Engineer: 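Quick one: this structure, given as structure tokens, is what I'll be asking you about.
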Amino acid sequence: MDPERAGRRAECDGGGLIMGSHYAARQDFTGTLTGEYYDEGDPPWRWYKMIELTRKPNDYPFESVWCEAESLFLIENE
Amino acid sequence: MTQDPLHTKLCDQLGVEFPIVSFTHCKDVAVAVINSGGFAVLGEAMHTPEEIEADIKWIRERIDGKPFGIDLVLPASAPAESSLDEISSKIPESHREFEQMIMEKYDVPMPKESVDLHQWGGLSQALGRAQLEVLLEERVPVIASGLGSPAFLLDAAHERGSLVWGLVGRTRQAKRQLEAGVDAIIAQGFDAAGHTGDMGTLSIVAEVSAIAGDTPIIAAGGITTGRHLAAALCLGASGVWTGTLWLACRESDIDMIIKERLVAATAADTVWSDSISGFTMRVLKCPWTEEWKKPEAPRPLTSPYQMILSSDYIQGANDARRADLMTEASGQGVGFVTEMLPARQIVSDMVEEALGVFDDLVGLPD
């Protein structure tokens with residue numbers, strides 16, 4: 001847990017590979033960080049969990065998303 | 001003018017003659033561009049770690065120690081894992097019916113084999129990680145990230161002598177990556193092939209260049225001529241990232257039918273459509289993209305549903321090699337791709353034209 005990020009609103013310039021293609025595309029999210037994170041591998045590649053999504057791609061089927069740390073932008077004035 | 005306008009800090013960073021970067025999925029194109037004085041980045045996002053290792057070896061055997069790059073797609077977000085069957089079951093019947101209407105109207109054959117849709121979800125991080133391990137182990141001269149931020153791997157890459165480049169579509173992404181210390185930023189505009197942000201190339205290159213300090217900026221999106229190269233340098237870039245330019249070149253391994261379509265196409269023959277993947281991407285117009293634009297068409301779904309819908313059309317068209325159905329990602333600069341030239345000549349033509357522009361504007365050194 002990262003208590004300093006828990007409850008913070010943030011935007012994620014997300015995205016990744018598109019299934020069935022060699023294309024990549026952006027997916028934008030806005031939501032609330034839970035503070036949960038995990039590090040993938042070494043050097044650590046940090047991912048934060050975002051919930052209460054107020055912006056997400058149309059038809060996005062999930063209630064949460066993992067966001068790469070450097071692709072997160074905290075919203076300062078909310 | 002007292003110096004060669006095409007000798008930029010990107011040339012110094014790479015030790016190459018010309019600030020022209022080819023982004024390609026074809027090894028032969030990469031080798032040809034590198035051996036012509038330019039630089040090439042091979043797109044390997046869909047390859048296994050073993051395939052990437054083999055490709056790196058293949059390239060190294062043909063470029064006599066010159067530098068090259070490998071591009072991966074580092075994910076920036078990841079949903080919970082979900083099975084393909086579960087995802088497919090959520091596609092509305094209205095969309096299935098519209099897909100079937102297009103398939104029947106244009107007599108699109110079904111794919112010869114079922115389309116292999118790689119699993120969607122959390123696996124993307126693990127795959128990206130395994131691919132990166134190969135690049136670090138092989139000490140690839142340039143590691144390029146085509147989407148997510150590569151900041152986390154900077155120290156590991158630099159310790160091995162590798163440079164790290166990041167591709168951005170928004171200025172704030174560039175600012176974040178510059179602060180982290182990436183070695184170059186590829187600023188990609190709306191004119192580009194495939195999935196792009198919504199900022200035009202002119203705007204994003206100028207904005208990112210303004211905050212880049214000494215870090216080279218590489219302009220991307222719609223760049224296919226020496227005039228584009230000269231313009232990009234005038235905007236503050238230190239080089240250009242070119243993709244569509246190489247699709248129809250002689251060394252390119254894409255289908256000859258697509259090459260012929262590219263050579264005949266202009267910017268107006270491209271479309272920014274979300275009908276293929278669910279994300280807006282620039283491709284050559286085809287019946288699939290045009291049908292989804294009609295008023296009676298349902299709104300395209302998001303990824304991955306729309307890709308599931310379009311995959312039979314795309315693969316069926318490719319399998320049957322139907323020129324009237326096939327499509328390919330293409331940037332708006334495609335109108336200047338008018339011949340299937342050798343890569344060496346493309347590099348040479350681009351350089352000569354850019355120098356001509358500078359000569360006309362301010363004169364060239366003797």
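Basis for what follows: all heavy atoms, side chains included, without hydrogens, waters or symmetry-related copies. Below, chains carry the letters A, B, ... as their sequence lines are ordered, and counting in each starts from 1. Just so you know, these numbers come straight off a predicted model, no measurement behind them.
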Engineer: Just so I understand: if I count every heavy-atom pair under 4.5 Å between each of A/E11, A/E63, A/M50 and chain B, which residue has the most?
Structural biologist: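 Among the listed options, the one with the most contacts to chain B is A/E11.
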
Engineer: What's the shortest heavy-atom distance between A/P44 and B/R129, and which atoms?
Structural biologist: C-NH1, 4.5 Å

Engineer: Near B/E179 CD, under 6.0 Å, is it more than 12 heavy atoms from other residues, nucleotides or ligands?
Structural biologist: yes

Engineer: Tell me, side chain or backbone of B/L167 under 4.5 Å from chain A's heavy atoms, or both, or neither?
Structural biologist: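 B/L167 touches chain A through backbone heavy atoms alone.
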
Engineer: With a cut-off of 6.0 Å (strictly less than), are more than 12 heavy atoms of other residues, nucleotides or ligands near CG of B/D255?
Structural biologist: yes

Engineer: For B/A76 and A/G14, which heavy atoms make the closest approach, and how far apart are they?
Structural biologist: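 Result for this residue pair: CB-CA, 3.6 Å.
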
Engineer: Quick one: CZ on B/F152 to CD on A/E40, what's the gap to the nearest 0.5 Å?
Structural biologist: 9.0 Å

Engineer: Can you sort out the partners of A/A69 under side chain to side chain contact (heavy atoms under 4.5 Å, CB included), two or more places apart, ordered by chain and number?
Structural biologist: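 A/R46, A/Y48.
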
Engineer: Which residues from residues 169-176 of chain B are near chain A, with near meaning under 4.5 Å between non-hydrogen atoms?
Structural biologist: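 Hits under 4.5 Å: B/R170, B/R172, B/Q173, B/R176.
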
Engineer: If you count every heavy atom of other residues, nucleotides or ligands that lies below 6.0 Å from B/D198 atom CG, does the total exceed 12?
Structural biologist: no

Engineer: What pair of heavy atoms forms the shortest contact from A/Q27 to B/S77, and how long is it?
Structural biologist: OE1-OG, 4.1 Å

Engineer: So what's closer than 4.5 Å to chain A heavy atoms on B/E133: side chain, backbone, both or neither?
Structural biologist: side chain

Engineer: If you round to the nearest 0.5 Å, how far is OG of A/S71 from CG of B/L74?
Structural biologist: 9.5 Å

Engineer: With a 4.5 angstrom heavy-atom cut-off, is it the side chain or the backbone of A/D39 that approaches chain B, or both, or neither?
Structural biologist: neither

